[in-house]
Undergrad: 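Here it is, the structure in full.
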Amino acid sequence: MSYDIVIAGGGLVGGSFALMLAAGLTESARILLVDTQPLAADDRGSIQADFDARSTALSWGSRQIYDKIGLWGQLAPYACAINDIHVSDRGHPGAVRLHNEEMGVEALGYVLENQHLSSVINQALGEQSTIEICAPATVSQARPTPDGMAIQLQVPGGQKQLNTRLLVLADGGRSGLCEQLGIQLDRRPYQQQALVCNVAFEKDHQGQAFERFTDTGPMAILPLNSDSHVDSGYRGALVWTLAEDSAADVLQMPDDEFLAALQQRFGWRLGSMRRVGRRALYPLALTLAQEQIRPGLVLLGNVAHTLHPVAGQGLNLALRDASALAKLLTDTINAGESAEVGAYARLEAFQQAQDWDQRSTVMFSDLTTRLFSNSQPALVTGRNLGLLMMDLMPPARRWFARQAMGLR
Ligand SMILES: Cc1cc2nc3c(=O)[nH]c(=O)nc-3n(C[C@H](O)[C@H](O)[C@H](O)COP(=O)(O)OP(=O)(O)OC[C@H]3O[C@@H](n4cnc5c(N)ncnc54)[C@H](O)[C@@H]3O)c2cc1C
């Protein structure tokens, strides 16, 4: 069987990318989306309210992308608007506040539970007829051919061989396909782990997101919608960066001890910390693929770049890449040039167009993480002066807000 485009991976990036293609095509094309998990159109009403549900901060830029493909209306009921971002350094006066009014937008960003985000995407995938879906199935082999890529699919009960002009690899980087293709993933560990959990606190967060720099590393609390089903009052999603040697101890602390340690680091802006949910640790590394394009191949999402989660930029950057690639490919197909979708020169133009955004986003999240994980006195003084100056200088504040909002 032959396809114009095969997308390997229907996670948040691959699934969103497929919908961008479906929204932009006016001419027919053969496109296949493959995922190891079933992408059934869930009945959203059946999602169980869960105090521990994991969530993602979508930037204003990502909202615009979902708006453009007609998905924002379905996501909006689950989105908690971020009206303010409060950046501070524990034990020091430096702090910056970013407001949505100052940026002239309805919200600086939104926090959505991942289960709602995937469910809306899967539902939309189930309702469209442009993209064929094969799930559960695994892309187990990929090999270059003169016309694109030859692919082996592992499906329940057997194997299938396919050819495609373009393989879009959106597998998250853990499937072994990159290694098979000889693409190196350059991994730079931060020697830190992110402890992720939801917490409940006394005061209404009023749509404020907090980014706080502590002696252990940066910490973020994102506002979540209140949900009477989980009986939590005010709830937020915590990402707390910890040194590798202390992370396991903090993970295993009894709840009251954990809440006291968190309160001491975070302070009282949200009143007393009242409840902590299930905790999980993620080892932190900046992982960058050494090549993102080859003839007939492009990497999207985590497989291309995996960032430190505390700055909340990974999915947002991937959606901007996906949107630019979808535009290039739909323009190519709509112009009757489907044979060119895997052409290296076109993919190179996409990569060059995204290069600055990728570099500046990686640098922004890497530098802030490293700068704010360092307790050398000269650096602490410097960054506090920086925060104070930024708070006093509207253009600098707006620049910082634009980075956080995913607008470049
Ligand atoms: C703790 C944490 C918090 C985060 N918070 C934020 C945030 O607030 N904002 C933000 O922008 N980003 C955030 N991120 C980053 C964001 O979660 C990722 O950028 C995003 O999930 C990457 O999605 P992906 O689709 O590329 O990869 P994945 O989510 O890994 O999806 C890959 C998909 O490919 C499928 N697959 C794998 N191998 C194969 C194969 N061989 N064949 C077929 N299918 C295959 C898998 O089943 C899966 O569905 C956070 C990350 C972490 C860890």
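Side chains included, hydrogens not; waters and symmetry mates left out as well; all remaining heavy atoms used. For this chain, numbers begin at 1 and follow the sequence in order. Numbering of ligands and ligand atoms starts at 1, following listing order.
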Undergrad: Identify, for atom 53 (C) of ligand 1, the protein heavy atom at the shortest distance, and state residue, atom and that distance.
TA: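 Looking at atom 53 (C) of ligand 1, the protein heavy atom closest to it is Tyr282 CD2, 3.8 Å.
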Undergrad: What part of Ser62, side chain, backbone, both or neither, has a heavy atom within less than 4.0 angstrom of ligand 1?
TA: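 Within the 4.0 Å criterion, Ser62 makes no contact with ligand 1.
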Undergrad: Among all protein heavy atoms, pick out the one at the shortest distance from atom 9 (N) of ligand 1; state its residue, atom name and that distance to 0.1 Å.
TA: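 Of the protein heavy atoms, Ala57 O, 3.1 Å lies nearest.
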Undergrad: Is there a polar contact between ligand 1 and Gln37, counting only N or O atoms under 3.5 Å apart?
TA: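 No.
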Undergrad: On the ring face of Phe51, is Arg275 found with NZ or CZ under 6.0 Å from the centre and within 45° of the axis?
TA: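 Output yes; distance and angle both within limits.
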Undergrad: Of the non-hydrogen atoms in Leu12 and Ser118, which two are nearest, and what is the gap between them?
TA: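 Result for this residue pair: CD2-OG, 3.9 Å.
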Undergrad: How about atom 12 (N) of ligand 1: does it have a protein heavy atom within less than 4.0 Å?
TA: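 Flag for atom 12 (N) of ligand 1 set to true, protein heavy atom closer than 4.0 Å.
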Undergrad: Judged on heavy-atom distance to atom 46 (C) of ligand 1, which of Val139, Leu112, Asp35 sits nearest?
TA: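 Considering heavy atoms of Val139, Leu112, Asp35, the nearest to atom 46 (C) of ligand 1 sits in Asp35.
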Undergrad: Would you mind reporting whether Arg294 and Ile183 have side-chain heavy atoms less than 4.5 Å apart?
TA: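 Ile183 reaches Arg294 side chain to side chain.
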Undergrad: Give the atoms of ligand 1, by number and element, whose distance to some non-hydrogen atom of Thr56 is under 4.0 Å.
TA: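 With Thr56 as reference, the close atoms of ligand 1 come out as 7 (C), 8 (O), 9 (N), 10 (C).
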Undergrad: Looking just at side-chain N and O atoms, do Glu27 and Asn334 make a donor-acceptor pair shorter than 3.5 Å?
TA: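 Checked: Glu27/Asn334 side chains show no N/O donor-acceptor pair below 3.5 Å.
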Undergrad: Provide the closest heavy-atom pair for Phe201 versus Arg235 in the form atom of the first, atom of the second, distance.
TA: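 Where Phe201 meets Arg235 most closely, the heavy atoms are CZ-C, 3.5 Å.
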Undergrad: In terms of residue, atom name and distance, what is the protein heavy atom nearest to atom 37 (C) of ligand 1?
TA: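 Its nearest protein heavy-atom neighbour is Asp171 O, 3.4 Å.
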Undergrad: Within the 4.0 Å heavy-atom shell around Ala170, which atoms of ligand 1 are there?
TA: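 Near Ala170, meaning under 4.0 Å from one of its heavy atoms, ligand 1 has 32 (C), 33 (C), 34 (O).
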Undergrad: Give the residue, atom name and distance (to 0.1 Å) of the protein heavy atom nearest atom 34 (O) of ligand 1.
TA: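 In this structure, atom 34 (O) of ligand 1 has Gly9 CA, 3.3 Å as its nearest protein heavy atom.
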Undergrad: Hey, which atoms in ligand 1 end up nearer than 4.0 Å to a heavy atom of Gly314?
TA: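 Those qualifying, in numeric order: 10 (C), 11 (O), 12 (N), 19 (O).
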Undergrad: Given that the side chain starts at C-beta and the backbone is N, CA, C, O, which of these parts of Val303 lies under 4.0 Å from ligand 1, counting heavy atoms, or is it both or neither?
TA: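 It is neither; nothing of Val303 touches ligand 1.
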Undergrad: Report, in ascending order of atom number, the atoms of ligand 1 lying under 4.0 Å from any heavy atom of Arg174.
TA: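 Numbered from 1, ligand 1 contributes 30 (O).
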Undergrad: Could you tell me how the ring of His308 sits relative to the ring of Tyr190: parallel (under 30°), tilted (30 to 60°) or perpendicular (over 60°)?
TA: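 Perpendicular, since the angle between the ring planes exceeds 60°.
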Undergrad: Is there a donor-acceptor contact under 3.5 Å linking the side chains of Gln358 and Gln292?
TA: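 Short answer, yes.
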Undergrad: Below 4.0 Å from ligand 1: does a non-hydrogen atom of Arg54 turn up there or not?
TA: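 Not so, Arg54 does not reach ligand 1.
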Undergrad: Going by an N to O cut-off under 4.0 Å, is there a salt bridge joining Asp186 and Arg188?
TA: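 A salt bridge links Asp186 with Arg188.
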Undergrad: Closest by any non-hydrogen atom to atom 16 (C) of ligand 1: pick that one out of Leu315, Val13, Leu299.
TA: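 When every heavy atom of Leu315, Val13, Leu299 is considered, Leu315 comes closest to atom 16 (C) of ligand 1.
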Undergrad: Going by the closest heavy atom to atom 1 (C) of ligand 1, which one wins out of Val34, Val196, Asn114?
TA: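 Answer by nearest heavy atom: Val196.
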Undergrad: What is the nearest protein non-hydrogen atom to atom 18 (C) of ligand 1, stated with its residue, atom name and distance?
TA: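 The closest one turns out to be Asn302 OD1, 3.4 Å.
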Undergrad: What residue and heavy atom of the protein are closest to atom 50 (C) of ligand 1, and at what distance?
TA: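 That would be Pro309 CB, 3.9 Å.
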Undergrad: Give the residue and atom name of whichever protein heavy atom lies nearest to atom 21 (O) of ligand 1, and the separation in Å to one decimal.
TA: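 Result: Leu12 CD1, 4.3 Å.
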Undergrad: Of all the heavy atoms in Ala318, does at least one lie under 4.0 Å from an atom in ligand 1?
TA: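 No; Ala318 lies far enough from ligand 1 that no heavy-atom distance drops under 4.0 Å.
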Undergrad: With a 4.0 Å cut-off, would you call Arg320 and Asp357 a salt bridge?
TA: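 Looking at Asp357 together with Arg320, the answer is yes, because their closest N to O distance falls below 4.0 Å.
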Undergrad: Would you call Leu251 and Phe258 a side-chain contact if the rule is heavy atoms closer than 4.5 Å?
TA: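 No, every pair of side-chain atoms sits at 4.5 Å or beyond.
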Undergrad: If you take all heavy atoms of Ala326 and Phe17, which pair is closest and at what distance?
TA: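 For Ala326 and Phe17, the tightest heavy-atom pair comes out as N-CE1, 3.7 Å.
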Undergrad: Give the atoms of ligand 1, by number and element, whose distance to some non-hydrogen atom of Gly301 is under 4.0 Å.
TA: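 Close to Gly301: 26 (O).
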Undergrad: What is the closest protein heavy atom to atom 47 (O) of ligand 1, and at what distance does it sit?
TA: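 Going atom by atom, the protein heavy atom closest to atom 47 (O) of ligand 1 ends up being Thr36 OG1, 2.6 Å.
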Undergrad: Please identify which atoms of ligand 1 are closer than 4.0 Å to at least one heavy atom of Leu177.
TA: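 Numbered from 1, ligand 1 contributes 41 (N).
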Undergrad: Is any N or O atom of Asn316, backbone or side chain, closer than 3.5 Å to an N or O atom of ligand 1?
TA: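 Yes, there is a polar N/O contact under 3.5 Å.
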Undergrad: State plainly whether the residues Glu340 and Arg165 are in salt-bridge range, i.e. N to O under 4.0 Å.
TA: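 The answer is no: the pair does not qualify as a salt bridge.
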Undergrad: Which pair of heavy atoms, one from Val303 and one from Leu169, lies closest together, and at what distance?
TA: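 Closest heavy-atom pair between Val303 and Leu169: CG1-O, 3.3 Å.
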Undergrad: Are the charged groups of Asp255 and Arg279 less than 4.0 angstrom apart, N to O?
TA: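 Here Asp255 pairs with Arg279 in a salt bridge, since their nearest N and O are under 4.0 Å apart.
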